Amino acid sequence: MTTKLPTITKLDHALEPILRKMETRGMQVDVPYLENLAERFQGEISELEQKIYRAAGHEFTIDSPRQLGAVIYDELHLDGGEDIFIRKTKTKQASTAARELNKLVDAHPIVPLILEYREKKKLLSTYILTLPGQVAEDGRIHTTYSIDTAAGRLSSKNPNLQNIPVRTDEGKGIRRAFVAKKGYELLSIDYSQIELRIAAHFSNDPGLIKAFTEGDDIHAATAKTMGVDRRVAKAINFGLLFGQGTFGLAENLHISQADAKTFIDQYFENFPKLHAWMDHVQELAHEKGYAETLLGRKRFLGELKGHNAALRAFAERVAINHPIQGTEAEIVSMAMLEVDKQVPEKTAAMLLQVHDELVFEIPKGTAKKVAEQIRPIMEGIIKLSVPIVTEAKAGPNWAEMIPLE
DNA sequence: TCAAGCTAAACT
DNA sequence: ACAAAGTTTAGCTTGA
């Protein structure tokens with residue numbers, strides 16, 4: 001394909017009718033299954049509640065961070081010991097977020113109970129109980145997409161179908177409720193490591209390009225180049241997309257800031273042009289007052305000239321992230337346009353876009369053939385200095401999908 | 001009683 | 001003091 005690139009205005013404009021089609025089509029949801037799930041979760045949550053009250057010595061509103069904090073930090077005096085620091089919230093209270101509670105899991109039996117309660121309660125209230133009420137007459141859920149985010153990504157609301165659980169087994173149980181209609185199956189195709197590939201392309205870093213050309217596991221490849229563990233390389237690869245510093249990496253890997261700095265220095269020694277590109281976009285943002293994507297979507301960053309160090313640092317991270325995240329959105333949008341143009345609805349009905357993933361409803365048994373038609377469109381929509389790769393999987397619902405070939 | 005702000009958590 | 005980008009949703013708290 002790689003014809004001429006559209007302007008962002010034209011791209012956004014052309015995408016609108018496709019989004020409206022996707023919204024109108026909707027996606028089928030297995031309501032009885034969710035109702036059954038609801039009963040199970042209700043029961044498990046009630047039991048957890050009782051255990052938590054017993055562990056605390058009294059009843060309280062577990063959903064209230066304030067009351068929960070009082071129980072954990074004031075009554076039980078949990079602090080995790082020596083060099084454990086519990087973050088404070090904006091209002092100076094000790095945070096009860098999962099990342100903090102995780103530091104206290106071994107300190108008292110109430111902590112793991114709370115974490116389990118929180119996970120189940122979130123899934124129950126946000127998804128299991130709510131989704132059935134959002135199912136229309138046609139048995140399908142119709143989200144609403146917008147393109148008004150800072151970097152040009154889509155957002156989805158009423159309900160948000162871009163944050164349906166997937167990470168845990170419990171979460172996958174909810175995703176399983178999203179099904180294909182009778183005689184059809186779901187086909188999901190996602191871009192593999194698209195943001196890192198964009199960073200490789202923009203920076204033209206030979207090490208990063210080599211890593212992408214060599215194998216299918218980018219984290220292993222960068223780890224090999226650096227001579228560190230795969231999980232370290234993976235953490236840095238992700239972190240760099242957000243402009244993460246030593247503090248963030250140290251927290252993430254549970255290592256000292258000094259060690260984190262060593263890893264980051266080592267990373268940039270191996271990928272010097274990536275480092276240079278990051279410096280370059282920051283300088284450019286400073287000069288021009290904005291950062292921009294491949295197609296020129298601008299994000300204005302007046303804070304770069306301000307005197308507030310925290311805001312300035314934030315804007316500097318955005319200057320790096322915006323071109324990456326925004327260009328990802330543009331590539332996916334262009335692919336959606338081209339797929340819509342080339343693939344008839346009866347062959348593959350596009351239902352969802354989840355940033356780097358497209359979900360289609362297709363006649364049963366056609367997955368292999370349809371994927372062979374769509375994947376080249378997605379992979380060839382633009383030419384970068386590294387290959388663009390997609391992965392396809394298919395199945396009866398959004399949770400139980402088998403990779404194709 | 002309602003709205004706005006805060007906290008937490010789900011996803012990429 | 002801050003520390004990792006972008007979203008939406010739910011429940012609690014607080015103040016009008």
Side-chain angles (χ1 to χ4, degrees), chain A residues 60-69 85 87-101 114-115 117-131 134 143-168 170-172 174-175 190-196 199 235-253 257 260-261 264 291 299 301 308-329 332 352-358 398:
Chain A
F60 64 101
T61 308
I62 308 172
D63 290 342
S64 159
R66 206 138 164 213
Q67 294 185 41
L68 180 62
F85 295 99
R87 286 170 189 260
K88 300 278 192 281
T89 65
K90 204 182 287 182
T91 55
K92 313 261 197 263
Q93 287 204 103
S95 167
T96 65
R99 56 175 315 179
E100 306 308 315
L101 295 187
I114 289 164
L115 290 169
Y117 169 90
R118 278 259 181 81
E119 186 195 344
K120 288 202 161 76
K121 191 70 195 288
K122 172 71 179 182
L123 298 181
L124 182 70
S125 62
T126 305
Y127 305 101
I128 301 173
L129 291 179
T130 313
L131 288 171
Q134 325 228 39
T143 187
T144 301
Y145 288 109
S146 310
I147 323 184
D148 54 10
T149 62
R153 272 189 173 185
L154 298 186
S155 68
S156 155
K157 65 178 181 183
N158 299 320
N160 183 355
L161 296 186
Q162 294 181 317
N163 74 341
I164 299 303
V166 70
R167 201 167 29 85
T168 64
E170 302 268 39
K172 280 205 190 74
I174 291 166
R175 188 165 279 231
D190 67 270
Y191 281 105
S192 161
Q193 304 294 350
I194 186 71
E195 291 186 313
L196 266 185
I236 305 181
N237 279 337
F238 271 115
L240 81 86
L241 304 172
F242 309 127
Q244 182 184 248
T246 55
F247 182 92
L249 185 67
E251 280 259 311
N252 220 331
L253 290 176
Q257 280 200 59
K261 185 172 186 315
I264 290 174
R299 171 132 183 211
L301 299 167
N308 183 322
L311 288 182
R312 214 169 45 237
F314 177 74
E316 283 167 356
R317 293 195 292 275
V318 172
I320 293 169
N321 179 258
H322 178 81
I324 297 173
Q325 189 181 126
T327 301
E328 170 201 41
V332 177
L352 302 179
Q353 188 258 40
V354 191
H355 310 303
D356 65 354
E357 173 188 17
L358 297 177
W398 200 9

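Chain identifiers are assigned alphabetically (A, B, ...) following the order of the sequence lines, protein sequences preceding nucleic acid strands; residue numbering begins at 1 within each chain. Since the structure is predicted, the reported quantities are computational estimates derived from the model, not experimental observations.
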What does [X] touch in the nucleic acid at a heavy-atom separation under 4.0 angstrom: a base, only the sugar-phosphate, or nothing?
{"X": "Ala151(A)", "value": "nothing"}
{"X": "Arg153(A)", "value": "base"}
{"X": "Thr61(A)", "value": "sugar-phosphate"}
{"X": "Asn321(A)", "value": "sugar-phosphate"}
{"X": "Glu195(A)", "value": "nothing"}
{"X": "Phe238(A)", "value": "nothing"}
{"X": "Asn252(A)", "value": "base"}
{"X": "Arg312(A)", "value": "nothing"}
{"X": "Ile164(A)", "value": "sugar-phosphate"}
{"X": "Lys90(A)", "value": "sugar-phosphate"}
{"X": "Gly239(A)", "value": "nothing"}
{"X": "Gln93(A)", "value": "nothing"}
{"X": "Ala98(A)", "value": "sugar-phosphate"}

Indicate yes or no for a side-chain donor-acceptor contact from Ser156(A) to the backbone of Leu161(A) under 3.5 Å, with no hydrogens or angles considered.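 Between the backbone of Leu161(A) and the side chain of Ser156(A) there is a qualifying donor-acceptor contact (under 3.5 Å).
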
Distance between the C1' atoms of dC2(C) and dA9(B), in whole angstroms?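 dC2(C) and dA9(B) have their C1' atoms separated by 23 Å.
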
Integer angstrom distance from the P of dA3(C) to that of dC6(B): 15 Å

Stacking of Phe242(A) on dA4(C) base (centres under 5.5 Å, planes under 30°):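 Stacking is absent between dA4(C) and Phe242(A), given that the ring centres and planes do not meet under 5.5 Å and under 30°.
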
What N/O pairs connect the protein and nucleotides 14-16 of chain C at under 3.5 Å? Give each pair on its own line.
residue : atom : partner  : partner atom : Å
dT14(C) : OP1  : Arg66(A) : NH1          : 2.1

